[in-house]
Amino acid sequence: MTKIIQSIGLVLFVLGLGFFISLPFLDSFKLTDEVLKSTLGNEQHYELLSEATKPMLDKTYTSSFSFSSDFITSFNHVNDALKAEEKWDQVIWDNPNDLTMRLAIASNQSFAKENKFLTFLLTFVVAIIGSLMYILPKVNDGPAGIRNNHIFHRALSNRGWLGIVLGTFLISFYILLYFTPQHITSWIFITDPISQALSGNTASQWFLYGLLYTIAVAVMGIRMIMKYRHSKYQIIRTLSVIFFQTAFAFILPEILVRLNQPYYDFKNMWPLDYDFFDAWHVDTLTSSGGIGIFMFAWGITLFVVGVPVFVYLFGKRWYCSWVCGCGGLAETLGDPYRQLSSKKLSSWKIERYLIHGVLVFSVIMTGGVLYTYFTGAGQVFGLETSNVRSTYGLMIGSIFSGVIGTGFYPLMGNRVWCRFGCPLAAYLGIVQRFKSRFRITTNGGQCISCGNCSTYCEMGIDVRWYAQRGQNIVRSSCVGCGVCSAVCPRGVLNLENSSEEGRLNEPLLIGNDSITLQK
Amino acid sequence: MKNVIIIGNGISGITAARHIRKLSDHNITVISSETDHFFSRTALMYIYMGHMKYENTKPYEDWFWEKNRIDLVRAYVNSVNSTQKTLQLSTGKELKYDVLILATGSKSNKFGWPGQDLKGVQGLYNFQDLESMEKYSPDTRHAVIVGGGLIGIEMAEMLLTRKIPVTFLVRESNFWNNVLPEQESKLISQHIREHHVDLRLSTEMREILSDSEGRARAVVTGDGEEIACQFVGLTAGVSPNIDFLNDSGIETKRGIMVDEYLATNVPDVYAIGDCAQFITPLPNRRPIEQVWYTGRMQGEVVANTVCGNKTIYKPGIWFNSAKFFDIEYQTYGHVWNQLKENEAEFYWEHPSGKKCMHFVFDSRDNTFLGINNFGIRLRHEVFDRWLKDKRDIYHVLENLREANFDPEFFDKHEEEIIRAFNQQHKGQSITLQKQKSLFAKIFS
Ligand SMILES: Cc1cc2nc3c(=O)[nH]c(=O)nc-3n(C[C@H](O)[C@H](O)[C@H](O)COP(=O)(O)OP(=O)(O)OC[C@H]3O[C@@H](n4cnc5c(N)ncnc54)[C@H](O)[C@@H]3O)c2cc1C
Ligand code: SF4
């Protein structure tokens, strides 16, 4: 029975996902004069572009690529001419890909466009139901306990062909989402009904992303809970990340928009939230009355006071594996890949340079942005602050945290971004390393060096190195997910907050009086 | 600077090598015929089950050895000439040593059962055993495991992950009851059955039958029942792996005979770990200690001696641990399978049947002697201290919270345990040390 339900679930999931993936291939586009006019919403632009796009009008495109290529060619044609004539004030400065996306949405003629909600049901909802039918019956799999069986035998979780396929899919998804959203318009507008219910607006690519993200955290969070159903720590922690993603990151900001308040995620924080100090953001908040000012003050208090105090009391886990959105995705969608993180000493070396490098970069970038904000000067030490800002946004914000951070789950483990790139993790980690009550306690001499803890550490910490010499684990990168403790077959590891005394202990294996008595 | 040669790259030999390197500049060579690098034998099951790859079970990265100037040699030592101080290797080479440390571990016991050398019949001790298990698993439709110890239960768990049904023949009337008291033994037997293992207690194996190709096809039990199977796991204990020492002049009985310095009868030759047998066993301890922890301690002790700091092997309070399917087990001090004279006990079991604690104390002065705990993690450091300080059972129970090592948010059972103790001991009313308030927990 269980097997049948699971098989049906798997089929439904594959169907839902398959339909979803096929949507962009079923698209057709027809640009009309009317659509062009209303989408551009700018008389001057319309005049400039309507001439150039004449050949496109009323033509049926069956692929977003030809549509996009024709439009962008016309767009560049117009702009290049203006630039050649040095008519800088007339040049259209809009991002051509964004503009194409808006046009593509408006001129999309597909079945999905006519039946948004139905398509949403047949893709999202069918896949969700399928996943749950696959996940929930696992409760009948026998007694609860650690079941990492076959993880290294499976193509999905051991960098086999399925892992590579999934990685490629995720990487492509991020590239489309960040750089060329005009190719995924049907994915975007089928979420309109949900977006409209929440904020009243039609969906953007960021709404689509937020929705997918939240569903991934929730569904795979349920999987995590089923897998670790014998561990209350894992259950509560997973519920926490599901809650913060759904309520704080996804629903609340949309509702704020509906109430004409600034879009704001109360749990996000600088420097992870790297546009917090951007001029437009500061201006939006400070011009939105009391609530905007509160948001601004809250955002600053979080990283100035919240980080040191909470990291001192509980370790950086309070954020990284209980609250954070990136962490939330890593702990749920990413859980099946935690064993793929490299435990090599050489990786740790790279990690330290990289993550602290990004922290420095983010501080310099923000400093520059603020300098420009307050003084109006565009340059500091010969550097264009807006260039530094946009380089950061592209290299760190999009490519590192998204394309690499998530796209590489099935290849390099689920915490690539958190481990090598996140400037907030670096900051939390520095506090955790030097001033915190948190540690993973090693239980005397009980370690048998089996390696489960190191293998399943998503941050690539060689936990066993410490455990087998009777030393507590105090590492800046530890996000406190607690999985080392869960998989340890000998009860050696425990995440604890306790007095700082004895936290950084000398390696000592209890039990050998021949040696310890002499000292 | 001496030439120190260590035979065996298990936990004992490697611990010795590491500590000799820390303490001295001696030349260190470690010889093993099993694998190129040290790996954790205790993790063999996880490789088979796909929890880890062989790579993951190596406690040190491969560059570690060269960096610490520990030479690794992959070869079998055919014989030792202790007068010439030379070793003859399977590669034909001869090595000269100044100091020799034997850390050759164990091999699986075979008690002369008919059919014990058939294909598909094996123990589980070394890496080659794992490879052989892999080889025979695909066409095994049913497996029989003989001998109810820790390795047997691990083998059962392994085979079940490949969907191979297991019949488990245990000679004793309850699982592992030569070590565990009856209560724990029953609890574990129950849990084994919960995992759909066909556990046959008080059942011996008479012989293994062969098919036409020399592969096991069935096992015959003591009362003549024939159980069809294609794989037979022999897990009735291990014994020292010392056959190659026969003509070496080094004294052996079951193991290599050593004194309290782990020295053999031949000068500059030591033996540690599973292969060593104490001429005078320590009080309450076995003459041959076949656990990870003692091997590790002995490695450190012998390193000190070899480096000129003569050290007696003096293990502290006994401790051990294991995992039976999903139930973790830890023990501190001594809990024998039968109460000894002047011993009293207190046993608590959780209604789930998956957690229990078994306390043993001196019936005359109530000194706490040891604990077995299942399904609950306890702090080694705290029990080590209580046992060393000879605390009484009341102190232990009253302060039980201090010893809890379960993860945050786990159900705590100290109150139930105290209540059960007070009920079983009329006239006693011990009270649990108060729990810290949430505020105190966070800030103190
Ligand atoms: C499956 C399994 C699970 C276990 N689980 C636990 C546990 O949970 N807790 C616990 O405390 N203990 C456990 N043990 C026992 C523990 O692993 C052993 O006590 C320990 O590994 C012994 O270490 P050692 O260094 O003395 O010998 P070994 O690890 O056996 O190392 C000896 C090495 O020497 C090599 N060797 C032997 N003779 C020669 C020769 N002539 N020439 C060259 N090389 C040679 C062998 O090939 C081997 O590699 C387990 C054992 C097994 C098999
Ligand atoms: S999982 Fe536990 S026993 Fe295994 S190496 Fe880690 S701490 Fe040691």
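Lettering follows sequence order; numbering is per chain, from 1.
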Would you check if the side chain of B:E61 reaches a backbone N or O of A:L345 as a donor-acceptor pair within less than 3.5 Å?
-> yes

Taking everything shown except A:Y233 itself, do over 12 heavy atoms lie less than 6.0 Å from its OH?
-> yes

Could you tell me whether A:K344 and B:D62 have a side-chain N and a carboxylate O separated by less than 4.0 Å?
-> no

Roughly how far apart are A:D513 CG and B:I317 CD1, rounded to 0.5 Å?
-> 7.0 Å

With a 4.5 angstrom heavy-atom cut-off, could you sort out which part of A:V492 is near chain B: side chain, backbone, both or neither?
-> backbone

Scanning both residues in full, the closest heavy-atom pair of B:F410 with A:K232 reads CE1-N, 3.5 Å

How many angstroms lie between OG1 in B:T15 and CD in A:Q468, if you round to the nearest 0.5 Å?
-> 8.5 Å

Of all of B:R296, B:R162, B:E381, which one pairs up most often with chain A through heavy atoms under 4.5 Å apart?
-> B:R296

Might you point out which heavy atoms bring A:Q446 and B:N320 nearest each other, and give the distance in Å?
-> NE2-O, 3.5 Å

Taking all atoms of both residues into account, what is the closest heavy-atom pair of A:G511 and B:F319, and its distance?
-> CA-CE2, 4.1 Å

Closest heavy-atom contact between B:Y46 and A:P489?
-> OH-CB, 3.2 Å

Answer with side chain, backbone, both or neither: which region of A:Y312 has an atom nearer than 4.5 Å to a non-hydrogen atom of chain B?
-> neither

Heavy-atom distances under 4.5 Å only: say whether B:W63 touches chain A with side chain, backbone, both or neither.
-> side chain

Using modelled atom types only, decide if a donor and an acceptor are shared between the side chain of B:E194 and the backbone of A:P143 within a distance under 3.5 Å.
-> no

Residue from B:F325, B:Y293, B:Y60 scoring the most non-hydrogen pairs under 4.5 Å with chain A is B:Y293

Answer yes or no: does atom CZ of A:F310 have more than 12 heavy-atom neighbours from other residues, nucleotides or ligands under 6.0 Å?
-> no

Among A:A144, A:G142, A:S231, A:G491, which has the most heavy-atom pairs under 4.5 Å with chain B?
-> A:G491

Working to the nearest 0.5 Å, report the span between OG1 of B:T161 and CZ of A:R147.
-> 10.5 Å

Contacting moiety of B:I327, where chain A heavy atoms sit under 4.5 Å | neither

Counting distance only, does the side-chain N/O of B:T42 pair as donor-acceptor with the main-chain N or O of A:I448 below 3.5 Å?
-> yes

From CZ (A:R490) to CZ (B:R377), nearest 0.5 Å | 11.0 Å

Search all heavy atoms of A:S485 against all heavy atoms of B:P407 and return the closest pair with its distance.
-> OG-CG, 3.8 Å

Atom CD of B:Q190 with >12 non-hydrogen neighbours under 6.0 angstrom | no

Side chain, backbone, both or neither: which part of B:D384 has a non-hydrogen atom closer than 4.5 Å to chain A?
-> side chain

Would you mind telling me which of A:G451, A:C450, A:G482 has the largest number of heavy-atom pairs within less than 4.5 Å of chain B?
-> A:C450

Report, as yes or no, whether the 6.0 Å neighbourhood of atom NZ on B:K390 holds more than 12 heavy atoms from other residues, nucleotides or ligands.
-> no

First locate atom CD of B:E55, then atom NZ of A:K343, and finally report the distance between them rounded to the nearest 0.5 Å.
-> 12.5 Å

Heavy-atom donor-acceptor pair, A:R464 side chain to B:K58 backbone, under 3.5 Å | yes

Using a cut-off of under 4.5 Å for heavy-atom pairs, which of A:I151, A:N497, A:T455 has the most such pairs with chain B?
-> A:T455

Measure distances from B:Y332 to the heavy atoms of chain A and classify the residue's part below 4.5 Å as side chain, backbone, both or neither.
-> side chain

To the nearest 0.5 Å, how far apart are OG in A:S449 and CD1 in B:I14?
-> 11.5 Å

Main-chain N/O of B:Y313 paired with A:S514 side-chain donor or acceptor, under 3.5 Å | no

Contact part of B:Y48 toward chain A, heavy-atom cut-off under 4.5 Å: side chain, backbone, both or neither?
-> backbone

Portion of B:F64 that has a non-hydrogen atom of chain A nearer than 4.5 angstrom = side chain

Are the side chain of B:H380 and the backbone N or O of A:G445 linked by a donor-acceptor pair below 3.5 Å?
-> yes

Determine whether B:V301 and A:N512 make a side-chain contact, defined as any pair of heavy atoms from C-beta on separated by less than 4.5 Å.
-> yes

Contact part of B:I47 toward chain A, heavy-atom cut-off under 4.5 Å: side chain, backbone, both or neither?
-> backbone

Parallel, tilted or perpendicular, as decided by the 30° and 60° cut-offs, for the rings of B:F409 and A:W322 | tilted

Hey, are the side chains of A:N148 and B:M49 touching, using non-hydrogen atoms and a 4.5 Å cut-off?
-> no

May I ask you to decide whether A:E496 forms a salt bridge with B:R379, counting only side-chain N to carboxylate O separations under 4.0 Å?
-> yes

Got more than 12 heavy atoms from elsewhere within 6.0 Å of NE2, A:H150?
-> yes

State whether a side-chain donor-acceptor pair under 3.5 Å links B:H51 with A:N149.
-> yes

Counting only heavy atoms closer than 4.5 Å, note whether B:H195 contacts chain A via side chain, backbone, both or neither.
-> side chain

Decide yes or no on salt bridge (Lys or Arg N to Asp or Glu O under 4.0 Å) for A:R317 and B:E408, but give the supporting numbers first.
-> CA-CA 13 Å; A:R317 58 181 171 154; B:E408 294 147 303; 2.9 Å; yes

So which of B:F39, B:W318, B:W292 has the largest heavy-atom pair count under 4.5 angstrom toward chain A?
-> B:W292

Quick one: what part of A:N158 sits under 4.5 Å from any heavy atom of chain B, side chain, backbone, both or neither?
-> side chain

The interface call for A:L495 against chain B, heavy-atom contacts under 4.5 Å, is both

Is it true that a side-chain atom of A:N494 and a backbone atom of B:F405 form a donor plus acceptor pair closer than 3.5 Å?
-> yes

From the list A:S454, A:A486, A:C447, A:S157, the residue making the most non-hydrogen contacts under 4.5 Å with chain B is A:C447

